[in-house]
Every structure is written in C-alpha cells, then in structure tokens.
Protein chains: 2
Amino acid sequence: MGEIADPARKSIGARRNLDSAEAILEAAEAVLIEAGYAGFSIEAVARRARAGKPTIYRWWPSKAALLLEVYQRQKRVDLPDTGSLQEDLVGFLINLFTHWRQTSSGSVFKSLIAEAQSDETAAAALAGYAGGRRTHTGQIIERAKARGEIAGDIDPGVVADLVASYAWRHLLINRLDEPEATIRKMVRYLLQGIEAPGR
Amino acid sequence: MGEIADPARKSIGARRNLDSAEAILEAAEAVLIEAGYAGFSIEAVARRARAGKPTIYRWWPSKAALLLEVYQRQKRVDLPDTGSLQEDLVGFLINLFTHWRQTSSGSVFKSLIAEAQSDETAAAALAGYAGGRRTHTGQIIERAKARGEIAGDIDPGVVADLVASYAWRHLLINRLDEPEATIRKMVRYLLQGIEAPGR
DNA sequence: TCTCCATCGGAACGAAACGTTTCGTTGAAT
DNA sequence: ATTCAACGAAACGTTTCGTTCCGATGGAGA
C-alpha cells in the first residue's frame, strides 16, 4: 500500500507543472497521515509523489513552507450560528475536535506547531494566524457581542484567545476525545464565571 | 565563546560518573539556550560537555529522555497564596511567564512539546504531566474551592485545564510579554463570566 | 517549422546528525 | 594485584538534508 499506480506525470516543459504541485501536496498530506510528523521527510514526500526532490525545493523553500501550504489547503470547519453564544462555542469546539480527529488537519496543525519551534518561517506564520482578528472563535464572540449577549466592556480578543488555547492544548496532548459534557462545562464557566454566588 | 575551560573530567571507574551526568545536563541546557531546539543535537551536547556520545546514550535512551530530565531539573515557579483566587491566578501567571522568559525553562518546555509530536516517550510524559492532579494551577484552584471562594459544583480540573491552556499557547506563539492588564482581564472573565448582566 | 529554454524526474553529491561499535584508559571493588 | 564497569574519543554505516548535475519534454517566440 501507499504506492501510486500511474507512472510519472508528463512534464509540461516551460511552465510549472500544476499536476506535480498537486501530487506533492497530496503526497505530503498522505505521508503525514500514514507516518506522522516523525516520518515526514522531503524524500518521503518526493517518493510518494513520484517527484524529484529538486522540484519540491524549487517551489517550497523549506519543509515548513510545504507544511504551511498543506495546512492552508485544509477545508475549515463550519461556523455554527445558533443565536446562542453558549451553543455556538460548544458546537464549534465539538466540530473542530471531530474535524481534527477524522481528517488529517489535526496532524498537520500539530506538525506545524512543532515545526514552528525550530523554524522561523513557521513560527511567524503561526503567530500571524493566532493573532489575527478573523479567527473562527473571534467571529463567534464578535457576533455575540453585537447581539448584546456579552457585557460591553468585554475584550473579544481575550475571550477568543482563551477558547483557542483550550483547543490547542487538547490537540497537543491528544485529548480530542473530551466528552461533550466537559466542553460544555468549560464554556459555561467562561460565560457565567466560577465564583461562588453572593460575592 | 561557549567552550568549556577545564579538561575532560576524571573517570571514576566502575561506577556512574555523576560529574559527567551533571555536565551533560548542564550542557544540554546551555545548548538549548544558545542554539535553540533547532541546534539541539546529541552530538552538540556531547561536545559541549566534553563527553562521549555513548555515555549519553548509556544513560538516556533518546533525545526526549534527556530533554525530559533537563525540564524536570528546572526549579519550579513559586505558588502565590494571597487568600484571593484572582490574585493567586494573576500572580502565578505573571511569575510563570517571567520565569519562562528569564530562564531556560521556557525553551526547554517548548522543545519538549515539539519533541512530543514525534516521540512517543515525550508524548506520554507530557500527557501524564498535563493530566496530573498536582499541577500548580490545580492547587491554587483547589485551595480557593476549600475556602468556599468558588461555587461548589465547579470542576477544578476543567478550570485548571483552561488556565494551563492559556499559558501553553502564549509560550508556543512567543507571547510571554503579555501585559499584566490583559492577564488580569482574562482571570476576571474566568471568575465572573462574560455574559451581559440581567441574563 | 524550428530553435530556445524553463521545467520535469532521476541520480548523485557533500554535510550533518543519527545510533552503534571498538578502543585504550581510569579507578573502585574484590 | 587483578578484575571489571564506566569513561572519552574515534570511527563506522545509515538517514535526511539541501544542492548540483543530467537527459528529456514541450510551450513560446523567431
């Protein structure tokens, strides 16, 4: 298994071979799924894609760049819009965890985080993505604020940061199978606080 | 710079040379600080420690094991005990971020998380540590619960998970310089919730 | 039509780090 | 005095990296 059936693709001469680029990206994703980040080498990707290593290095300057493009190709998880912040957050997290578990995007994202610890390009990309205002969590919270569901002096960025942090850590320590009840508890604490009443 | 002045240590013969073990652990920490996780190789550690590679492999089966021991040697950050959960949490996070920035422990912990993505030993160690009940955050929250400061039906594990997640993500995306005001906001949201009043 | 030339897959390269083996030396235990 | 485990050092074969060649392919422009 794991071998590609068709022979090497035709070269198209003076233009970039989009078939090769596609095959390389698909192979990179497949290698990540089958062998994990530990087995993710440029050589393995080239073999899997029936491509030459120089072809990969011509278009992606580093392993991090290839990882980043594989990550960006992932289809994003749906944004729930139930009109309730609590249901939106719980639904989003469950969708996200399921998506991360059932597709390769969890592996890809984990690998990107790992790569960012030794590659400046990946680190910059990750920081830029994490700090952006258009994250899914950020949108859910901004919508709730527009509905007046959360207090006016709440900083949506800080809340989004907290929710994203929860998701990241569960991805990194392989706890994506958290029961819905636990996720629901976490969201409830965030919405209603944890202080004892009467304080 | 970076060279060690003294000549090779004396061998002690038939017993484990604790001086060598100490020199290797110190060298591992130094290499991690000076060259980062990217430059952290067993060979570099052996050179820095004036030790032989077999000596390292004799006592640490993998790079992850060495990283783990370096991490465990780190002195832990103080646990504030002000009698106020809010002050304890803010103080702990500020202490932790400062400690991570000013010592090597931030680099070591980041490297351990990265290594856990490709090494099963590191992954197990990390999951065990993260899931343990005796984390610092967990202790702060358990104490607050004993004081009756938080509601009785609150699950301390979930709260600790949330706070630790916030710290992890800020470490991983190099945002340990978060202003105290932001950290204070986050803790306030967690304690008091974010819902608009009157709901 | 014909020549140019960027791109292709493939083979090979040097450098670096891996993990292992072998060597001669050291010094505590017997 | 002898034994023996651990030491530092050096060398080994392997893997992956990133690069450099090569012949072949096929679109673009003369």
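Chain naming here is simple, since letters A, B, ... match the order of the sequence lines and numbering starts at 1 in each. Every value quoted in this text rests on a predicted model; they were computed, and no experiment measured them.
A salt bridge links A/R143 with A/D81: the distance from a Lys NZ or Arg NE/NH1/NH2 to an Asp or Glu carboxylate oxygen falls below 4.0 Å. Using a cut-off of 4.0 Å between Lys/Arg side-chain N and Asp/Glu carboxylate O, B/D177 and B/R101 are scored as not salt-bridged.
For C/dC8, neither phosphate oxygen OP1 nor OP2 lies less than 4.0 angstrom from any side-chain nitrogen or oxygen of A/S20. Note on B/W59: a side-chain N or O is less than 4.0 Å away from OP1 or OP2 of D/dC7.
Remark: the B/T121 side chain and the B/E115 side chain contain no N/O donor-acceptor pair separated by less than 3.5 Å. Judged by distance alone, the side chains of A/E29 and A/S107 never bring a donor and an acceptor atom under 3.5 Å apart.
We find that CG of B/D19 is positioned 16 Å from P of D/dA6, with the value rounded to whole Å. The distance from atom CZ of A/R58 to atom P of D/dT19 is 12 Å, rounded to the nearest whole Å. Whole-Å rounding puts the A/W60 CH2 to D/dC17 C1' distance at 18 Å.
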Counting primed atoms plus P, OP1 and OP2 as sugar-phosphate and everything else as base, spell out the protein contacts along nucleotides 12-22 of chain C at 4.0 Å heavy-atom distance: B, S or - for each nucleotide, 5' to 3'.
B----SBBBB-
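Counting only residues at least two apart or in different chains, ring-ring contact (aromatic ring centres under 6.0 Å, His included) contacts with residues 145-167 of chain B comprise B/Y166-B/H170.
Scanning for side chain to side chain donor-acceptor pair (under 3.5 Å) contacts around A/R73 gives A/E22, with sequence neighbours left out.
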